[in-house]
Amino acid sequence: MTSSIVRKPLLRVLAGEREPVPPLWLMRQAGRYLPEYRALRGQAAGFLDLCFDAKRAAEITLQPIRRFGFDAAILFSDILVVPHALGQCVSFVEGEGPRLDALKEPAALARLRTELDQAVLAPVYDTIARVRQDLPPAVTFLGFCGAPWTLATYMIAGQGTPDQLPARLFAYEYPEAFAKLIDLLVDASARYLVRQFKAGVDAVQIFDTWAGILPAREFEMWCIRPHARILEKLRAEIPGARVIGFPRGAGTELGRYLDAVAVDTVGLDWTIELEFARTMIQKRRPVQGNLDPLALLAGGAALDRSIDAILAALSEGPFVFNLGHGVLPETPLSHVERLVERVRRVPRLS
Ligand code: CP3
């Protein structure tokens, strides 16, 4: 065991150990619910400019660590920097979300580069090096990427959609072109993660936000296999690279996912039933999750009850406390403070 693992509780859990107090971080912990984020965001021309401003991105990465003392810092960036570095035009419209020049038919794939333009991503690696220098030794530093399927849903639709219909249809209508796009994204993601490790992250998470909409066969083809191939390529260059897989919405497919994908830990979304998580998933692999972001937004008894149920079910095994998806921008800071106290069992004076 390396000395850095000894000092970092979250890395110990990823290595399969149980921590008496589960390490805690939150997806989207750096974001609009934080006034200090909104202040820096207000100074930037646009969201992507912020992602590529290494000094500010490093500062934003550290903001939630300073405020809440979380056990992990997650790189401040976005999954859509990868399509951007593949030559697709990406922008973010205030209050609406991402816009890309949609890949409407197979011929449009020719507009993409065949490899990542690493020069475009250089500021991300610079951000990582800066955070590394300032990070407290007990805090685990997480990099990330979007999974190929989730990236493809945005690249094909050109924006977020409620049901990912354009990408699902594209995959049925043009299976060869779609497989090529996934191959390109597997390769780009693996290279991107390799560079993140070389720049200084301790572990990475693969976000497959839209995995849950796929039928079983397509889940195998567009979620399971691409994740497995990214891990193979990554570990060929970074042996033992620690990876958290987050196939959101996978439900009962999680078992098949774990059969084929050698992630160290699996992220559970808030719909996963806790007894199923404990007996069918955590018996096989450390787990991370799965508080409903809406319970955190609601606060009060609903929040306390949800936290306690999760701790009761999962804290006897290797476990990382997290949300089942990202913090919502409207979430009150006091609810996050309460969450931290309750998970860490800090006695309350009032
Ligand atoms: O978790 C963190 O704190 C690290 C940073 C991070 C962001 N996005 C910052 C962000 C991470 C890990 C992501 C991942 C991401 N981005 C995913 C996968 C996880 C998920 O949330 O489902 C996806 C699908 C995206 C794409 C994306 N980025 C969308 C659809 C949007 C618009 C919706 C929204 O929340 O605004 C974004 C914007 C975005 N990414 C913001 C932040 C802080 C808000 C932008 C702003 O400040 O204006």
Side-chain angles (χ1 to χ4, degrees), residues 24-53 56-65 67-68 70 72-84 88 90-100 124 127-128 131 140-162 164 167 185 189 192-193 196 201 203-213 223 244-250 267 269-270 288-289 293 297 322-331 336:
L24 163 69
W25 69 283
L26 303 179
M27 288 186 267
R28 287 284 180 97
Q29 65 188 21
R32 284 163 296 182
Y33 77 110
L34 287 179
E36 56 270 38
Y37 170 78
R38 294 195 299 269
L40 274 184
R41 175 76 175 85
Q43 294 167 14
F47 174 68
L48 263 194
D49 298 284
L50 203 53
C51 292
F52 291 127
D53 179 338
R56 287 207 176 101
E59 172 57 25
I60 294 171
T61 303
L62 291 166
Q63 284 175 344
I65 308 307
R67 187 184 271 272
F68 298 115
F70 290 128
I74 181 159
L75 167 70
F76 178 77
S77 183
D78 197 84
I79 62 168
L80 298 178
V81 300
V82 164
H84 183 66
Q88 195 170 17
V90 178
S91 62
F92 284 80
V93 178
E94 198 67 52
E96 289 187 31
R99 293 288 179 276
L100 303 85
V124 178
T127 305
I128 293 173
V131 171
T140 298
F141 189 12
L142 298 175
F144 69 90
C145 70
W149 162 249
T150 287
L151 290 177
T153 65
Y154 291 98
M155 294 172 80
I156 290 171
Q159 59 184 44
T161 51
Q164 295 72 56
L185 293 171
S189 304
Y192 184 43
L193 294 182
Q196 291 186 33
V201 302
V204 295
Q205 175 156 321
I206 302 177
F207 286 89
D208 216 345
T209 303
W210 302 121
I213 199 140
C223 173
I244 304 167
F246 181 49
R248 189 172 74 103
D269 66 71
W270 73 89
Q288 169 179 285
L297 175 60
N322 204 320
L323 296 175
H325 198 196
V327 184
L328 296 162
E330 306 79 12
T331 304
V336 181

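We count ligands from 1, going down the list as the structure has it; atoms in each ligand are counted the same way.
Contacts between L75 and ligand 1, counted as non-hydrogen atom pairs separated by less than 4.0 Å, involve the backbone only.
Within the model, atoms OH of Y154 and CD1 of I79 stand 5.5 Å from one another, a figure rounded to the nearest 0.5 Å. To the nearest 0.5 angstrom, Q196 atom CD is 7.0 Å from F144 atom CZ. Y192 contributes atom OH, which lies 4.0 Å from atom OG of S77 (distance to the nearest 0.5 angstrom). Taking CE of M27 as the reference point, atom CG of D269 lies at 8.5 Å (rounded to 0.5 Å). Note: F76 CZ to D53 CG = 10.0 Å, rounded to the nearest 0.5 Å. The line from CH2 of W270 to CZ of R248 is 5.0 Å long, rounded to the nearest 0.5 Å.
Short contacts between ligand 1 and T209, defined as distances under 4.0 Å to a heavy atom of the residue, involve ligand atoms 18 (C), 19 (C), 20 (C), 22 (O), 24 (C). For ligand 1, the atoms sitting less than 4.0 Å from at least one non-hydrogen atom of R32 are 34 (C), 35 (O), 36 (O), 44 (C), 47 (O), numbered in the order shown with element in parentheses. Remark: ligand 1 atoms within the under-4.0 Å shell around heavy atoms of Y37 are 43 (C), 46 (C), 47 (O). When each atom of ligand 1 is checked for a heavy atom of A30 under 4.0 Å away, the hits are 3 (O), 43 (C). When each atom of ligand 1 is checked for a heavy atom of I74 under 4.0 Å away, the hits are 1 (O), 2 (C), 3 (O), 4 (C).
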- Query: Is there a side-chain contact (heavy atoms from CB on, under 4.5 Å) between V336 and F70 once you walk through the steps?
  - Reply: CA-CA 11 Å; V336 181; F70 290 128; 4.0 Å; yes
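Protein heavy atom closest to atom 29 (C) of ligand 1, with residue, atom name and distance, is P98 CD, 3.8 Å. Taking atom 6 (C) of ligand 1 as the reference point, the nearest protein heavy-atom neighbour is S77 O, 3.4 Å. Of all protein heavy atoms, the one lying nearest to atom 10 (C) of ligand 1 is F47 CZ, 3.3 Å. Considering only non-hydrogen protein atoms, atom 1 (O) of ligand 1 sits nearest to R28 N, 2.7 Å. The protein atom (non-hydrogen) at minimum distance from atom 26 (C) of ligand 1 is D78 OD2, 3.5 Å. At the shortest separation from atom 46 (C) of ligand 1 among protein heavy atoms lies R41 NE, 3.2 Å. Protein heavy atom at the shortest distance from atom 25 (C) of ligand 1 is I79 CG1, 3.5 Å. Among protein heavy atoms, the minimum distance from atom 20 (C) of ligand 1 is reached at H325 NE2, 3.1 Å.
Contact analysis leaves W210 out of contact with ligand 1, as no non-hydrogen atom separation drops below 4.0 angstrom.
Of all the listed residues (Y154, W25, F144), F144 holds the heavy atom that lies closest to atom 12 (C) of ligand 1.
For ligand 1, the polar-atom distance check finds no N/O of E94 at less than 3.5 Å from any of the ligand's N/O atoms.
Exactly one of T127, T61, L50 qualifies for a side chain to side chain contact (heavy atoms under 4.5 Å, CB included) with R56. That residue is L50.
In this structure the side chain of W149 reaches within 4.5 angstrom of the side chain of D208, judged on heavy atoms.
At a cut-off of 3.5 Å, with distance as the only test, a side-chain donor of W25 or Q288 sits close to an acceptor on the other residue.
Here the two rings, on F47 and Y37, have centers that are 6.0 Å apart or farther.
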